[in-house]
There are 2 protein chains.
Amino acid sequence: MSDPDQTPVRRGRPGYAREQILEIAVQVFIEQGYDATSVASLASRLGLSKSALYHHFASKEEVLEVALDEALGGLEGVLNGVGDGSARDRLEHVLRGAVLVLVDKLAYVTLLLRVRGNSDVERAALERRRAFDRTVTALVRAAQAEGTVRSDIDPSVATRLLFGMVNSIVEWYRPSGGEGAPELARDVLAVALNGLAKP
Amino acid sequence: MSDPDQTPVRRGRPGYAREQILEIAVQVFIEQGYDATSVASLASRLGLSKSALYHHFASKEEVLEVALDEALGGLEGVLNGVGDGSARDRLEHVLRGAVLVLVDKLAYVTLLLRVRGNSDVERAALERRRAFDRTVTALVRAAQAEGTVRSDIDPSVATRLLFGMVNSIVEWYRPSGGEGAPELARDVLAVALNGLAKP
DNA sequence: GTCTATAGACCGATAGAC
DNA sequence: GTCTATCGGTCTATAGAC
């Protein structure tokens with residue numbers, strides 16, 4: 001791979017690229033809800049005919065699948081780059097990484113967090129989320145075992161509370177103005193690990 | 001009110017009480033989504049005709065309105081019973097109270113947290129939620145001023161993180177098995193105020 | 001001519017109005 | 001109980017950049 005950053009040369013008739021469609025589609029899904037969004041209304045929002053849309057995606061559900069994979073891939077990537085420090089260090093890395101991914105892929109993660117399991121695609125996404133949670137829970141348990149995290153809270157409850165806090169960011173964070181992602185991650189780490197009370 | 005626990009004597013043809021209908025309706029709204037639930041399907045789920053349902057509620061939207069009021073009333077009640085201790089004490093009271101209300105009225109609060117503002121009723125509910133948040137934010141600010149809460153985090157961000165954690169409980173908590181509400185509230189207080197790291 | 005994106009007519013299924 | 005609008009999806013042909 002000589003230049004992986006370079007966009008492949010677009011040939012043929014100009015038009016939407018898959019990613020552009022995906023981005024707008026996710027926005028529409030968030031606004032109207034996935035189920036409530038018809039392919040026709042999606043196409044109209046894109047300024048496309050249905051058939052043109054179906055040239056890029058095999059089905060409405062494939063659009064959802066690719067979008068959810070974007071979010072899940074980002075989160076799972078955080079687990080992969082976790083390194084080999086103490087459980088406490090790894091936990092910090094995962095929390096910070098999750099916040100950064102969430103901000104970076106805000107719309108995709110928002111969509112992911114609204115999935116309720118109404119189809120095979122949604123259920124598969126939920127299962128990947130659960131696997132992510134299980135890994136983090138194991139990390140919390142390890143940190144408790146090494147004595148760096150308090151042991152009077154069930155690791156599964158602790159993980160759910162932590163990620164409840166992290167995930168809730170999609171409900172209010174907007175990139176323009178206010179804090180940037182690194183500052184937000186710092187705040188989350190501070191509350192999650194040391195609490196809001198003055199030391 | 002001499003005996004608020006006593007159910008008033010039911011007269012006339014037996015049938016659903018408003019609260020029973022409300023409870024089941026909220027369950028259906030959560031399962032299918034409010035917009036996606038037709039009055040016909042709601043009535044069928046209740047084993048009622050549409051006209052019987054409309055005897056109890058003027059409209060589908062009124063069902064939603066009453067349900068959201070149940071959740072919001074519970075949360076606002078926590079603010080009213082806050083007492084006059086230090087800001088730190090009042091903040092603890094609000095957090096614990098919110099967890100208890102959330103567990104007690106789990107379905108109603110779940111519905112409230114899914115509202116996106118698609119109608120006047122929904123927008124009114126969102127505004128009441130925002131008012132609640134503003135009050136809590138002011139409380140966090142007061143606690144920072146009195147020196148009991150760390151001041152290196154914006155009070156509005158801190159409030160959102162705290163209630164992100166609290167609200168996320170509806171996503172996984174189920175009354176049967178596991179912790180009870182008081183234990184859960186204790187865990188939330190512990191993480192929120194003192195953090196997950198070992199002291 | 002080759003390649004890609006697009007348009008429009010058209011299915012069968014079905015949910016919801018009447 | 002019937003009827004119609006809309007649903008997700010298909011097929012064929014064409015428009016436009018190189």
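Throughout, protein chains are lettered first and strands after them, A, B, ... in sequence-line order, and every chain is numbered starting at 1.
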Report task. Given side chain to side chain donor-acceptor pair (under 3.5 Å), test Glu146(B) with Thr148(B) step by step and report yes or no. Result -> CA-CA 6 Å; Glu146(B) 78 181 13; Thr148(B) 50; 2.8 Å; yes
Query raised in the report: Under the salt bridge (Lys or Arg N to Asp or Glu O under 4.0 Å) criterion, do Asp120(B) and Arg123(B) qualify, and how do the steps go?
Result: CA-CA 5 Å; Asp120(B) 286 344; Arg123(B) 279 186 286 275; 3.0 Å; yes
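For Arg18(A) and dT6(C), the CZ to P distance is 14 Å, given to the nearest whole Å. Rounding to whole angstrom units, CG of residue Leu64(A) and P of dG8(D) are separated by 13 Å. Atom pair Lys50(A):NZ and dA7(C):C1' shows a separation of 13 Å (rounding to whole Å applied). dG9(D) atom C1' lies 11 Å from atom CG of Leu53(A), rounded to whole Å. dG9(D) atom P lies 8 Å from atom NZ of Lys60(A), rounded to whole Å. Distance CD (Gln20(A)) to P (dA5(C)): 10 Å, rounded to an integer number of Å. Here the P atom of nucleotide dG8(D) and the CD atom of Glu62(A) are 15 Å apart, to the nearest Å. Counting to the nearest Å, the C1' atom of dT10(D) and the CZ atom of Phe57(A) are 18 Å from each other.
Counting only Watson-Crick and G-U wobble pairs whose two key distances fall under 3.5 Å, DNA chain C forms stems of three or more stacked pairs at C:1-18 with D:1-18.
At least one donor-acceptor pair under 3.5 Å links the side chain of Thr135(A) to the backbone N or O of Ala131(A). With hydrogens and angles ignored, the 3.5 Å screen pairs a side-chain donor or acceptor of Glu62(B) with a backbone N or O of Ala58(B).
Contact annotation: His56(A) reaches the phosphate of dT6(C) (side-chain N/O to OP1 or OP2, under 4.0 Å). Taking 4.0 angstrom as the limit, His55(A) places none of its side-chain polar atoms (N or O) nearer than this to OP1 or OP2 of dT6(C). Taking side-chain N and O atoms only, Ser38(A) has a distance below 4.0 Å to OP1 or OP2 of dC7(D).
The base of dG9(D) does not come close enough to the side chain of Ser59(A) for any donor and acceptor atom to sit less than 3.5 Å apart.
As judged by a 4.0 angstrom heavy-atom cut-off over every strand, Thr37(A) is placed among residues touching the sugar-phosphate backbone only.
Side-chain atoms of Ser51(A) lie closest to dG8(C) of the nucleotides dG8(C), dG8(D), dT6(C). Ranking dA7(C), dA5(C), dG8(D) by closeness to the Tyr54(A) side chain, first place goes to dG8(D).
Following chains of ILVMFWY side-chain contacts shorter than 4.5 Å, one cannot reach Leu100(A) starting from Leu189(A), and the two form parts of different hydrophobic clusters.
A cation-pi arrangement is absent between Lys60(A) and Tyr54(A) under the rule of less than 6.0 angstrom and at most 45 degrees off the ring axis.
The residue from Leu111(B), Val103(B), Leu112(B), Leu102(B) that alone fulfils the side-chain contact (heavy atoms from CB on, under 4.5 Å) condition with Val170(B) is Leu102(B).
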